[in-house]
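Notes follow once the structure below has been shown.
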Amino acid sequence: MSARVCFVVGARPNFMKSAPVYRELGALDPSLELTLLHTGQHYDDAMSDVFFRELAMPRPDEFLAVGSGSHAEQTAKALVGVERALRERQIDLCVVAGDVNSTLAGALAAVKLGIPIAHIESGLRSFDRAMPEEHNRVLTDHLSDLLLAHSEEAITNLQREGITSGVHLVGNTMIDSLVALEDRFRGLGACAGHGLEAGSYLLVTLHRPALVDGPLLDAAIAALAAVSESMPVLFPVHPRTRAALGGAAAGLPPGLQLTDPVGYLEFLSLEADARAVLTDSGGIQEEATYLGVPCFTLRDNTERPITVEHGTNRLLGLDPKRIEEVPGLVSEAAGTAPEPPPLWDGHAAERLARVVADRHAC
Ligand code: UD1
Ligand code: UDP
């Protein structure tokens, strides 16, 4: 009988990491029965559906409608829903990606049913236990059978925790999604739709609880307003951040534009044409490195040091005042666009699919 493989996704960054793997696995071994399970952690069109359309992902076989809530509520609802679906569908392998609550719920549901787990983007560590994602990363890796790493440093992290078997260096599947759409977003010129010229503006995304769920967000907006006097700023606002903004979003200078989250193609176009990016996103640090766009990360640490050592990323620290330094730092960064890290080449999902298919050749 053919093996049944279930992909569990739920939040924005899951979609671009999983889509190429789903596609490659289906192409490599058509005898596999693939299921796509969406927990519903993210549910707005701009946080979910748009990615299915633009990444040409099939509609999920099931949508669990877990929605928002505390960590316990969200993870528990996803755990219950995923467990039922894995059992009913008699799944043989569960594939999870990244470090969100849906990732941990998928892995935990699977391991309790004795179903092997493949973890895409295994081995990343910020070494910051105050970050909710760090628990999800550590726990998911310790539950997984196939640990699919995008860099050597991820493998070193796993070895440090005693995880040595089932580890495979495959490369970065999120970059596969970017590469697959490069012909489409390169010519898009999405910045013109926001009244901006390519190469002139700072693209901003900020959504980490450490920044937005406290007093630092207002200070960040004030610093962005100051930057916008010398460099236009475009800030597609994550719903967590929108909810926290309140009055700080009113009376902004004309150079600082806040928009709703944008679709993937539009975002990649905006990113590729930006003068620089300011972010606390994990994935955007990687995309900026691939695109060779200067990236400033408003965090004290990163689980992706390869983007600092090998790419365009620079850690500013969790200090909104430092945002005001960005225009000067961008000038210093001019002309330094290193090669992408090894295996961030658009073919990671092919390598990953081969690892999975080999395991199921039994
Ligand atoms: C989650 C992930 C984070 C990831 C981010 C990507 C966890 C613990 N966190 O954070 O690692 O970087 O996704 O974007 O899994 N909301 C909406 N519409 C939506 C989704 C969310 O309005 O479609 C709002 C709700 O008010 C919700 C808040 O955003 O309470 C936060 O959503 P949640 O999924 O809990 O966490 P994120 O901050 O999105
Ligand atoms: N992204 C997008 N539209 C936006 C902001 C981000 O399509 O308005 C994409 C971005 O290109 C990247 C991914 O979302 O592929 C990153 O997700 P996010 O920052 O939400 O999560 P993180 O990577 O921090 O977990």
Side-chain angles (χ1 to χ4, degrees), residues 9-20 38-55 65-75 77-78 96-106 121 124 126 131-137 139-140 172-181 185 190 194 203-213 234-245 258-272 274 277 279-288 290-291 293 295 297-299 302-304 307:
V9 295
R12 178 164 71 183
N14 290 159
F15 309 131
M16 42 295 269
K17 292 168 194 171
S18 302
H38 190 323
T39 65
Q41 175 172 350
H42 286 175
Y43 42 85
D44 291 344
D45 185 87
M47 296 298 290
S48 176
D49 299 21
V50 66
F51 301 101
F52 283 76
R53 295 192 293 274
E54 295 187 348
L55 291 161
V66 159
S68 306
S70 71
H71 286 281
E73 285 166 343
Q74 192 174 56
T75 311
K77 281 187 195 162
V96 297
D99 56 14
V100 301
N101 285 345
S102 299
T103 311
L104 176 61
E121 197 192 82
L124 300 194
S126 66
M131 249 188 126
E133 295 81 3
E134 187 72 353
H135 304 286
N136 295 341
R137 293 179 195 120
L139 292 168
T140 302
N172 191 326
T173 66
M174 189 179 219
I175 296 301
D176 288 5
S177 284
L178 181 159
V179 170
L181 292 176
F185 76 74
H194 299 272
L203 179 67
V204 177
T205 80
L206 298 169
H207 72 273
R208 297 277 164 207
L211 179 79
V212 308
D213 290 1
L234 180 62
F235 183 176
V237 183
H238 187 285
R240 172 188 286 278
T241 313
R242 178 66 73 182
L245 265 175
L258 270 49
T259 70
D260 287 336
V262 299
Y264 186 48
L265 278 166
E266 179 170 356
F267 192 83
L268 291 175
S269 167
L270 292 172
E271 211 175 347
V277 174
T279 195
D280 56 9
S281 157
I284 292 167
Q285 295 170 55
E286 296 184 351
E287 290 170 351
Y290 181 85
L291 294 167
V293 173
C295 178
T297 297
L298 201 64
R299 288 175 45 187
T302 176
E303 61 289 333
R304 293 157 160 97
T307 61

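All ligand and atom numbering here is 1-based and tracks the order in the structure.
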* Quick one: does Gly98 get within less than 4.0 Å of ligand 2, heavy atoms only? ->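 Not so, Gly98 does not reach ligand 2.
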
* Asked: Contact between His207 and ligand 2, counting heavy atoms under 4.0 Å?
  ->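 Checking ligand 2 against His207, which is what was asked, there is a heavy-atom contact under 4.0 Å.
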
* Asked: Can His71 be said to touch ligand 1, with heavy atoms closer than 4.0 Å?
  ->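 A heavy atom of His71 does come that close to ligand 1.
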
* Closer than 4.0 angstrom: is that true for some heavy atom of Ala243 and an atom of ligand 1? ->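 For ligand 1, residue contact (heavy atoms, under 4.0 Å) with Ala243 is absent.
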
Suppose I only count heavy atoms of [X] and a 4.0 Å limit; which atoms of ligand 2 are within that range?
{"X": "Arg208", "answer": "22 (P), 24 (O), 25 (O)"}
{"X": "Pro236", "answer": "8 (O)"}
{"X": "Tyr264", "answer": "7 (O), 11 (O), 15 (O)"}
{"X": "Gly263", "answer": "7 (O)"}
{"X": "Met174", "answer": "12 (C), 13 (C), 15 (O)"}
{"X": "Pro261", "answer": "8 (O)"}

Considering heavy atoms of the protein only, find what lies nearest to [atom] and give residue, atom and distance to 0.1 Å.
{"atom": "atom 3 (N) of ligand 2", "value": "Val262 O, 2.7 Å"}
{"atom": "atom 25 (O) of ligand 2", "value": "Pro13 CG, 3.4 Å"}
{"atom": "atom 9 (C) of ligand 2", "value": "Met16 CE, 3.9 Å"}
{"atom": "atom 2 (C) of ligand 1", "value": "Val100 CG1, 3.7 Å"}
{"atom": "atom 12 (C) of ligand 2", "value": "Glu287 OE2, 3.2 Å"}
{"atom": "atom 8 (C) of ligand 1", "value": "Asn101 OD1, 3.3 Å"}
{"atom": "atom 5 (C) of ligand 1", "value": "His207 NE2, 3.7 Å"}
{"atom": "atom 35 (O) of ligand 1", "value": "Gln74 NE2, 3.4 Å"}
{"atom": "atom 7 (O) of ligand 2", "value": "Phe51 CE2, 3.2 Å"}
{"atom": "atom 22 (O) of ligand 1", "value": "Pro239 CB, 3.3 Å"}
{"atom": "atom 30 (O) of ligand 1", "value": "Ser68 CB, 3.5 Å"}
{"atom": "atom 16 (C) of ligand 2", "value": "Ser281 OG, 3.9 Å"}
{"atom": "atom 14 (O) of ligand 1", "value": "His238 NE2, 3.0 Å"}
{"atom": "atom 1 (C) of ligand 1", "value": "Gln41 NE2, 3.7 Å"}
{"atom": "atom 6 (C) of ligand 2", "value": "Arg12 CZ, 3.6 Å"}

* From the options His42, Arg240, Met131, select the one whose nearest heavy atom is closest to atom 31 (C) of ligand 1. => Arg240

* Asked: Between the candidates Gly283, Ser177, Ala11, which shows the shortest non-hydrogen contact distance to atom 23 (O) of ligand 2?
  -> Gly283

Just verifying a value: how many Å separate [X] [atom1] and [Y] [atom2], rounded to the nearest 0.5 Å?
{"X": "Thr75", "Y": "Glu73", "atom1": "OG1", "atom2": "CD", "result": "10.0 Å"}
{"X": "His238", "Y": "Met47", "atom1": "NE2", "atom2": "CE", "result": "3.5 Å"}
{"X": "Ile284", "Y": "Thr297", "atom1": "CD1", "atom2": "OG1", "result": "9.5 Å"}
{"X": "Ser126", "Y": "Glu133", "atom1": "OG", "atom2": "CD", "result": "8.0 Å"}

Could you tell me, atom by atom, which parts of ligand 1 come under 4.0 Å of a heavy atom of [X]?
{"X": "Asp44", "answer": "17 (C), 18 (N), 19 (C), 22 (O), 23 (O)"}
{"X": "Arg208", "answer": "11 (O), 12 (O)"}
{"X": "Met47", "answer": "23 (O)"}
{"X": "Glu133", "answer": "3 (C), 9 (N), 11 (O)"}
{"X": "Pro13", "answer": "6 (C)"}

* Asked: Are Asp99 and Lys17 within salt-bridge range, i.e. N to O under 4.0 Å?
  ->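 A salt bridge is absent here (no side-chain N lies under 4.0 Å from a carboxylate O).
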
Taking the side chain as everything from C-beta on, heavy atoms only, tell me whether [X] gets closer than 4.5 Å to [Y].
{"X": "Leu124", "Y": "Arg304", "answer": "yes"}
{"X": "Val277", "Y": "Val293", "answer": "yes"}
{"X": "Arg12", "Y": "Pro261", "answer": "yes"}
{"X": "Asp260", "Y": "Asp44", "answer": "no"}

What is the minimum heavy-atom distance between [X] and [Y], and which atoms define it?
{"X": "Phe51", "Y": "Val262", "value": "CZ-O, 4.5 Å"}
{"X": "Pro236", "Y": "Phe267", "value": "CG-CE1, 4.2 Å"}
{"X": "Gly10", "Y": "Thr39", "value": "CA-OG1, 3.3 Å"}
{"X": "Thr205", "Y": "Ser281", "value": "OG1-CB, 3.9 Å"}
{"X": "Thr241", "Y": "Phe235", "value": "CG2-CZ, 4.1 Å"}
{"X": "Met174", "Y": "Gly283", "value": "SD-CA, 3.6 Å"}

* Please say whether Asn136 places an N or O atom under 3.5 Å from an N or O atom belonging to ligand 1. =>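 No, since none of the N or O atoms of Asn136 sits under 3.5 Å from an N or O of ligand 1.
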
* Option from His71, Gln41, Lys77 for which side-chain hydrogen bond (donor to acceptor under 3.5 Å, both in side chains) with Asn101 holds -> His71

* **Aromatic contact, Phe15 with His42 (centres under 6.0 Å)** =>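 No, ring centres 6.0 Å or more apart.
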
* Structure fact -> Checking heavy atoms under 4.0 Å, the part of Glu54 that sits near ligand 2 is neither

* Pick one of side chain, backbone, both or neither for how Phe267 approaches ligand 2, counting any non-hydrogen atom pair under 4.0 Å. => side chain

* Taking atom types as modelled, find out whether His194 and Thr259 have a side-chain donor-acceptor pair closer than 3.5 angstrom. =>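 Per modelled atom types, His194 and Thr259 side chains form no pair under 3.5 Å.
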
* Start with the C-alpha distance between Asn172 and Tyr290, add both sets of side-chain angles, then the distance that settles side chain to side chain contact (heavy atoms under 4.5 Å, CB included), and finish with yes or no. => CA-CA 10 Å; Asn172 191 326; Tyr290 181 85; over 6 Å; no

* To do: Any chance you could lay out the side chain to side chain contact (heavy atoms under 4.5 Å, CB included) test for Leu258 and Val237, step after step, and finish with the verdict?
  => CA-CA 6 Å; Leu258 270 49; Val237 183; 3.7 Å; yes

